[in-house]
Amino acid sequence: IDQVFAQSEVDKNRLEQLGASNVEVIGNIKLANLPKVTKSLGKQKELLITAASTHENEEQLILDAHERSHGKLIIVPRHPERFEKVDQLIREVARMKCLSYHRYSQKEDFSSDIILVDCMGELNNIYAISDVVILGGAFENIGGHNPVEPAFFGVKLISGKKIFNQKALFDCVNDFVLIDNNELKQTLDNIEYLTHSSLKKVGQLKPIVEAINRYNS
């Protein structure tokens, strides 16, 4: 092995203990390609809470914790095949709480109290106008989802504690909260006291490309 690229100093030390040499720290390469907005949706006047990449049982948890006084709620399920099931769930909750609701595929705006985003490719555009993101995949035993994308847009970032697949990426983010499921309502009640997230660092692809060219020449 001519060259080893490590994500962090910890990784570098571990690799060197295993006998690797010529190890260079370049950061997480997932941070080399930062999210891009494909269209401008326009910032809303009211606080906008996005429940992103949610899984089974997480929508119910979030809907139970959410109150209209917290702000408008956008729900973006992780898997498209669950759109219809989540639609039925939201309809029931919206009726019970006397809240307005619509599907984004039927009306591309955020005029209702709750909006189900039932189409693909919109999440970064929605992150860009969100104030708060509840990141799914960590309130159930999924392992979490990528926090870099919402943090890039400086939202207030909330996640469950089951982030075992995403710990390295959470290490790249400043100012997020990890909570137990039963703490979600209290956290939303205190949104104003949360700090906006940000990225600590970015990754680099250039050293990898240069090494490939160098060893191939």
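This is a predicted model, so every value here is computed, not measured.
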* Asked: Does CZ belonging to Arg14 count more than 12 external heavy atoms closer than 6.0 Å?
  -> no
* With no hydrogens and no angle check, is any side-chain donor or acceptor of Lys156 less than 3.5 Å from a backbone partner on Tyr193? -> no
* **Distance-minimising heavy-atom pair for Ser112 and Ser100** => CA-OG, 3.4 Å
* Asked: Does NZ in Lys85 sit with more than 12 non-hydrogen atoms of other residues, nucleotides or ligands closer than 6.0 Å?
  -> no
* Once you round to the nearest 0.5 Å, how far does CG of Leu169 lie from CD of Glu149? -> 9.5 Å
* To the nearest 0.5 Å, tell me how far Thr50 OG1 sits from Asp131 CG. => 8.5 Å
* To do: Please check if any side-chain donor atom of Asp118 sits under 3.5 Å from a side-chain acceptor atom of Ser105, or the reverse.
  => yes
* To do: Check whether any side-chain N or O of Lys200 sits under 3.5 Å from a backbone N or O of Asn174 as a donor-acceptor pair, and report yes or no.
  => no
* Non-hydrogen side-chain atoms of Ile191 and Leu47 separated by less than 4.5 Å -> yes
* Nearest heavy-atom pair of Val173 and Ala151: which atoms, and what distance? -> CG1-CB, 3.7 Å
* Just do the side-chain contact (heavy atoms from CB on, under 4.5 Å) check on Asp2 and Asn22 with the steps written out, would you? => CA-CA 7 Å; Asp2 298 298; Asn22 204 15; 5.8 Å; no
* To do: For Ser8 and Lys12, test the side chains for any donor-to-acceptor distance below 3.5 angstrom and give the result as yes or no.
  => no
* Is the centre of the Phe110 ring less than 6.0 Å from the centre of the Tyr104 ring? -> yes
* To do: To the nearest 0.5 angstrom, please state how far the CD1 atom of Ile26 sits from the CG atom of Asp11.
  => 11.0 Å
* To do: Find the distance between NE2 (His145) and OG1 (Thr54) and round it off to the nearest 0.5 Å.
  => 8.5 Å
* To do: For the pair Thr187 and Ile134, evaluate side-chain contact (heavy atoms from CB on, under 4.5 Å) and give the outcome as yes or no after the intermediate values.
  => CA-CA 10 Å; Thr187 303; Ile134 305 170; over 6 Å; no
* Asked: In this structure, are over 12 heavy atoms from other groups packed under 6.0 Å from Ile1 atom CD1?
  -> no
* Checking Asn181 side chain against Phe139 main chain: does a donor-acceptor pair fall under 3.5 Å? -> yes
* For Asp175 and Ser198, test the side chains for any donor-to-acceptor distance below 3.5 angstrom and give the result as yes or no. => no
* Asked: Is the number of heavy atoms from other residues, nucleotides or ligands under 6.0 Å of Lys167 NZ greater than 12?
  -> no
* Carefully, step by step, assess Gln60 and Val93 under the rule side-chain contact (heavy atoms from CB on, under 4.5 Å). => CA-CA 9 Å; Gln60 184 73 66; Val93 173; 4.3 Å; yes
* Are Val25 and Val4 in one and the same hydrophobic cluster, where Ile, Leu, Val, Met, Phe, Trp and Tyr link if side-chain heavy atoms are under 4.5 Å apart? -> no
* Asked: Just by distance, do the side chain of Lys72 and the backbone of Glu46 share a donor-acceptor pair under 3.5 Å?
  -> no
* Asked: Is there a path of hydrophobic side-chain contacts, each under 4.5 Å between heavy atoms of I, L, V, M, F, W or Y residues, that connects Leu41 with Ile49?
  -> no
* **Shortest non-hydrogen contact between Pro80 and Met120, atoms and distance** => CG-SD, 3.5 Å
* Asked: Are side-chain heavy atoms of Glu140 and Lys162 found at a separation under 4.5 Å?
  -> no
* Any donor-acceptor N/O pair, His55 side chain to Asn141 backbone, under 3.5 Å -> no
* Give the cluster check for Ile158 versus Phe164: same hydrophobic cluster or not, with ILVMFWY residues linked at side-chain heavy-atom distances below 4.5 Å. => no
* Asked: Under 3.5 Å, is there a donor-acceptor pair linking the side chains of Glu9 and Asn13?
  -> no
* To do: Find out if a path of hydrophobic residues (ILVMFWY) with successive side-chain heavy-atom gaps under 4.5 Å connects Val148 to Ile163.
  => yes
* Minimum heavy-atom distance between Leu157 and Leu135, given as atom pair plus value -> CD1-CB, 4.2 Å
* Evaluation steps, side-chain contact (heavy atoms from CB on, under 4.5 Å), between Leu63 and His66 -> CA-CA 5 Å; Leu63 286 164; His66 172 259; 5.8 Å; no
* May I ask you to decide if the ring planes of Phe176 and Phe170 are parallel, tilted or perpendicular, using 30° and 60° as cut-offs? => perpendicular
* Structure fact -> In short, Gly144 meets Ala138 closest at the heavy-atom pair CA-CB, 4.0 Å
* Structure fact -> Minimal heavy-atom distance between Gly137 and Ile142, with the atoms involved, is O-CB, 3.0 Å
* **Side chains of Ile129 and Phe153 in contact at under 4.5 Å (non-hydrogen atoms)** => no
* Quick one: do Glu59 and Arg82 satisfy salt bridge (charged side-chain N to carboxylate O under 4.0 Å, His left out)? Show the steps, please. => CA-CA 11 Å; Glu59 294 93 3; Arg82 297 189 59 249; 2.7 Å; yes
* **Qualifying residue for side-chain contact (heavy atoms from CB on, under 4.5 Å) with His102, from Asp113, Ile90, Leu116, Asp109** => Asp109
* Just how far is it from atom OG of Ser159 to atom CD1 of Ile179, taken to the nearest 0.5 Å? -> 8.0 Å
* To do: Please step through salt bridge (charged side-chain N to carboxylate O under 4.0 Å, His left out) for the pair Lys97 and Glu92, ending with a clear verdict.
  => CA-CA 9 Å; Lys97 292 188 175 185; Glu92 292 175 12; over 6 Å; no
* Going hydrophobic residue to hydrophobic residue with side-chain gaps under 4.5 angstrom, can you get from Val155 over to Leu178? -> yes
* Compute whether any side-chain donor of one residue and acceptor of the other, for Tyr101 and Asp87, lie under 3.5 angstrom apart. => yes
* If only atom types and distance count, is the side chain of Asn124 paired as donor or acceptor with the main-chain N or O of Pro35 below 3.5 Å? -> no
* To do: May I ask you to decide if Glu183's main-chain N or O and Gln186's side chain share a donor-acceptor pair within less than 3.5 Å?
  => no
* To do: Would you check if there is a donor-acceptor pair between the side chains of His70 and Asp189 at a distance under 3.5 Å?
  => yes
* Glu108 (side chain) donor-acceptor with Gln106 (main chain) under 3.5 angstrom -> no
* Asked: Can you tell me how far the CD atom of Glu56 sits from the CG atom of Leu61, to the nearest 0.5 Å?
  -> 12.5 Å
* Between Glu122 and Asn125, does a side chain to side chain donor-acceptor pair (under 3.5 Å) hold up when you go through it step by step? -> CA-CA 5 Å; Glu122 292 290 349; Asn125 299 332; 3.1 Å; yes
